Undergrad: 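Mind having a look at this structure? Questions to follow.
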Amino acid sequence: MAEAQAQGARRRGRGAGGGAARRAARSAVSFETACFIERNIPNLEMLNEEALQIIEENAETILEEIGVAFVENPAALERWKEAGADVQGERVRIPRGLARKLCATAPSRFTQIARNRARDVEIGGGSLVLAPVYGPPFVRDYEGGRRYATMADFEKLVKLGYMSEWLHHSGGTVCEPTDVPVNKRHFDMLYAHMSLSDKPFMGSVTDPSRALDSIEMARILFGDEVVDQNCVMTSLININSPLTFDATMMGALEHYAAAGQACIVSPFIVGGAMAPVSVMGTLTQVLAEVLAGVAYSQLIRPGAPVIFGAFVTSIDMNSGAPTFGTPEAAQITNGAGQLARRLGLPYRSGGGFTGSKLPDAQAAYESANTLNNALLSGVNFMLHACGWLEGGLVSSPEKFVMDADQLGTLHKLAAGIPTDENAQAMDAIREVGPGGHYLGCAHTQANYQTAFWRTKLLDYKPFETWAEEGERSTYELATQRVGKMLGDYQQPALDPAVDEALKDYIARRKSEMPDAFI
């Protein structure tokens with residue numbers, strides 16, 4: 001009781017704006033971070049109205065005739081039965097139109113706040129929020145090679161995310177720290193996001209109890225009232241495709257939705273294995289799964305923020321390995337975006353995907369294909385925007401900074417083409433005239449600092465300079481940049497009382513359970 005009263009006092013103090021919080025804010029070290037993207041370009045739409053209507057009609061048929069499975073979750077089955085679904089065993093058949101009607105209460109756009117409110121993000125509409133790689137159990141760097149990830153690796157990636165100008169979100173499981181017990185690592189991962197960065201972050205979903213821990217830690221960080229009235233976390237709820245909603249993920253969704261926190265309801269599709277080989281068939285299954293998942297979140301709490309997710313790739317029919325950056329995946333990503341907008345939901349997809357083992361030419365081609373396609377497909381929340389290698393098995397610091405540098409091009413492209421008087425440049429054309437050059441003209445002098453996007457990584461030096469500096473590859477340049485960014489890193493200030501409360505909560509919760517590594 002005393003502990004609860006003390007914790008409540010701490011929260012009330014923060015809500016009122018304590019002196020320690022104000023001092024921490026004044027002393028915080030701020031690094032330049034671009035605001036989330038607001039597109040000033042149209043979305044590319046590959047599917048016509050007839051194709052979209054066919055997909056929507058067929059998805060309703062799947063829900064009504066085939067149904068979806070909510071396994072090991074009697075409460076979910078009861079909720080669906082009360083909503084009017086036909087529940088037989090663990091199979092839920094949803095009458096035509098019911099799921100879509102339930103989805104209508106989900107917001108089309110919402111704000112996820114950060115502890116540094118200058119870094120809040122808007123998710124939905126024409127926005128694009130970029131978040132790093134999620135989930136790999138391995139890391140690979142230039143000097144150490146491929147190995148199981150540790151908590152030190154996790155903290156390094158969070159720091160790189162905080163220091164990355166074009167990255168808006170700290171993400172979630174940027175790698176899986178295998179040196180920490182499975183049942184306790186979520187505490188350390190969340191604390192790293194909360195203390196080493198001040199950008200928005202994601203909660204844990206690997207067990208419903210870990211979702212509750214995430215919510216409680218967010219309450220300590222932000223205060224009860226802020227969490228009750230705002231979205232402070234996004235979480236990734238993967239559907240066990242095809243058409244199966246397992247108790248672990250749904251249990252996490254139930255807690256987050258009840259607390260008003262955002263969930264990405266995302267089919268996990270490898271075409272040919274978890275969905276049909278055809279684009280239309282895969283999109284139909286994706287839509288059916290998302291409709292059921294989003295509708296269920298609204299049964300928990302109407303109005304809970306939710307994101308239409310689509311992680312889709314194809315398969316190599318010779319080896320069975322997933323493939324990335326392929327035309328079919330691009331078509332599915334694009335079509336799913338059209339379907340999400342017709343539902344009025346924010347859309348998650350895309351990323352710097354590659355099947356390559358190294359940050360090499362294959363990685364560059366595949367990542368560029370998926371990043372640019374996601375921009376044109378209207379993605380609102382892009383997980384895996386930087387750091388992904390080897391089909392998502394590996395997080396790479398060097399790939400992280402390579403991708404993060406290229407995310408600047410998405411910002412530039414999304415801004416569209418200015419057409420004002422300065423952009424028309426008629427004064428410059430008149431000044432230079434035939435046969436001249438523009439390097440010294442007034443228009444160039446006034447605009448050269450902002451006219452072109454500039455890389456902070458790639459090498460454009462003359463051959464002789466490049467040779468004198470050691471003929472460094474992009475991989476080597478990225479290694480150097482990782483070192484510089486980590487050397488420049490300064491931890492954003494955190495209210496000492498909040499920090500102490502977080503550490504106390506983590507210590508208490510860890511002491512309540514034995515270590516488990518499975």
Side-chain angles (χ1 to χ4, degrees), residues 31-34 37 119 129-136 138-147 149-150 152-175 192-193 196-197 199 350-354 356-368 370-372 374 382-390 392-412 453-461 466 469-470 472-492:
F31 293 90
E32 184 179 6
T33 300
I37 292 172
R119 292 176 174 157
V129 175
L130 301 170
V133 64
Y134 185 108
F138 299 100
V139 296
R140 173 186 283 277
D141 57 34
Y142 186 78
E143 296 179 348
R146 187 181 190 269
R147 63 187 186 281
T150 66
D153 294 312
F154 188 98
E155 292 170 350
K156 178 189 292 186
L157 292 167
V158 171
K159 291 175 182 178
L160 290 175
Y162 172 62
M163 296 286 289
S164 296
E165 177 181 359
W166 306 113
L167 199 63
H168 315 120
H169 203 284
S170 193
T173 309
V174 289
C175 64
H193 284 297
L196 300 179
S197 175
K199 295 181 180 181
F353 297 142
T354 179
S356 182
K357 317 305 181 288
L358 296 170
D360 56 10
Q362 178 184 341
Y365 282 129
E366 292 174 348
S367 296
T370 54
L371 288 171
N372 285 294
M382 187 193 296
L383 202 55
H384 312 299
C386 55
W388 167 295
L389 272 183
E390 202 179 321
L393 290 174
V394 171
S395 292
S396 162
E398 287 86 2
K399 178 69 160 38
F400 195 108
V401 300
M402 291 179 194
D403 291 337
D405 183 68
Q406 287 297 298
L407 296 180
T409 67
L410 301 188
H411 286 74
K412 187 74 173 185
W453 171 78
R454 296 183 182 182
T455 179
K456 292 185 177 178
L457 175 66
L458 303 181
D459 189 304
Y460 296 124
K461 299 184 182 75
W466 172 75
E469 292 181 351
R472 292 172 297 181
S473 67
T474 304
Y475 200 175
E476 292 168 308
L477 291 172
T479 301
Q480 183 181 46
R481 179 152 178 78
V482 168
K484 184 180 187 311
M485 291 174 71
L486 294 176
D488 290 343
Y489 172 83
Q490 296 184 54
Q491 186 171 355

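Note that these values count all heavy atoms, side chains included, but never hydrogens, waters or copies made by symmetry. Computed from a predicted model, the values in this text were never measured in an experiment.
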Undergrad: I'd like to know if the side chain of Gln406 and the backbone of Asp403 have a donor-acceptor N/O pair within less than 3.5 Å.
TA: no

Undergrad: I'd like to know if the side chain of Ser164 and the backbone of Leu167 have a donor-acceptor N/O pair within less than 3.5 Å.
TA: no

Undergrad: Asp153 and Arg147: side-chain contact (heavy atoms from CB on, under 4.5 Å), yes or no, with the steps?
TA: CA-CA 10 Å; Asp153 294 312; Arg147 63 187 186 281; 2.8 Å; yes

Undergrad: Could you tell me whether the side chain of Tyr489 and the main chain of Leu196 form a donor-acceptor pair under 3.5 Å?
TA: yes

Undergrad: Should Asn372 and Leu410 be marked as a side-chain contact (heavy atoms from CB on, under 4.5 Å) after you check the CA-CA gap, both sets of side-chain angles, and the distance that decides it?
TA: CA-CA 7 Å; Asn372 285 294; Leu410 301 188; 3.9 Å; yes

Undergrad: Please say which of Leu407, Leu371, Leu383 ends up in a side-chain contact (heavy atoms from CB on, under 4.5 Å) with Leu130.
TA: Leu407

Undergrad: Which label fits Phe353 and His384: parallel for a plane angle under 30°, tilted from 30 to 60°, or perpendicular past 60°?
TA: tilted

Undergrad: Which atom names give the shortest non-hydrogen contact between Gly171 and His169, and what distance separates them?
TA: N-ND1, 3.0 Å

Undergrad: Is there a side-chain contact between Ser396 and Glu390 in this structure, where contact means two heavy atoms from C-beta onward sitting under 4.5 Å apart?
TA: no

Undergrad: Got a salt bridge between Asp405 and Arg481, using NZ or NE/NH1/NH2 to carboxylate O under 4.0 Å?
TA: no

Undergrad: For the backbone of Gly352 and the side chain of Lys399, can you confirm whether one donor and one acceptor N or O come within less than 3.5 Å of each other?
TA: yes

Undergrad: Lys156 and Pro397: which non-hydrogen atoms are nearest, and at how many Å?
TA: CD-CG, 4.2 Å

Undergrad: Would you say Leu393 and Arg146 make side-chain contact, with heavy atoms under 4.5 Å?
TA: yes

Undergrad: Which atom pair, heavy atoms only, marks the closest approach of Cys386 to Ala404?
TA: CB-N, 3.8 Å

Undergrad: For the pair His193 (side chain) and Gly172 (backbone), establish whether a donor and an acceptor sit closer than 3.5 Å, ignoring hydrogens and angles.
TA: yes

Undergrad: Without swapping roles, check the side chain of Lys461 against the backbone of Trp466 for a donor-acceptor pair under 3.5 Å.
TA: no

Undergrad: Might you point out which heavy atoms bring Ala192 and Phe154 nearest each other, and give the distance in Å?
TA: CB-CE2, 3.8 Å

Undergrad: Testing Leu160, Val482, Leu389 for side-chain contact (heavy atoms from CB on, under 4.5 Å) with Phe400, which one passes?
TA: Leu160

Undergrad: Between His411 and Trp166, how do the two ring planes meet: parallel, tilted or perpendicular, split at 30° and 60°?
TA: tilted

Undergrad: If you round to the nearest 0.5 Å, how far is OG of Ser197 from CD of Glu155?
TA: 13.0 Å

Undergrad: After noting the C-alpha distance and the side-chain angles of Arg140 and Leu358, does the key distance pass the side-chain contact (heavy atoms from CB on, under 4.5 Å) rule?
TA: CA-CA 8 Å; Arg140 173 186 283 277; Leu358 296 170; 3.7 Å; yes

Undergrad: Considering non-hydrogen atoms only, spot the tightest contact between Asp488 and Lys484 and give its length.
TA: OD2-NZ, 2.7 Å

Undergrad: Roughly how far, to the nearest 0.5 Å, is CE of Met402 from OG1 of Thr455?
TA: 11.0 Å

Undergrad: Do other residues, nucleotides or ligands put more than 12 heavy atoms under 6.0 Å from Tyr475 OH?
TA: yes

Undergrad: Could you tell me whether a side-chain N or O of Ser367 sits under 3.5 Å from a main-chain N or O of Ala364, the two making a donor and an acceptor?
TA: no

Undergrad: Test side-chain contact (heavy atoms from CB on, under 4.5 Å) on His168 and Ile37 and set out the steps.
TA: CA-CA 9 Å; His168 315 120; Ile37 292 172; 4.1 Å; yes

Undergrad: Answer yes or no: is there a donor N or O on one side and an acceptor on the other, between the side chain of Ser473 and the main chain of Glu476, under 3.5 Å?
TA: yes

Undergrad: Any idea which heavy atoms bring Gln362 and Ser356 closest together, and the distance?
TA: NE2-N, 3.5 Å

Undergrad: Between Ser395 and Val174 (side chain of the first, backbone of the second, donor and acceptor by atom type, cut-off under 3.5 Å), is there such a pair?
TA: yes

Undergrad: Between atom OH of Tyr162 and atom CZ of Arg119, what is the distance when rounded to the nearest 0.5 Å?
TA: 5.0 Å

Undergrad: So does Tyr142 get a backbone contact from the side chain of Glu398, meaning a donor-acceptor N/O pair under 3.5 Å?
TA: yes

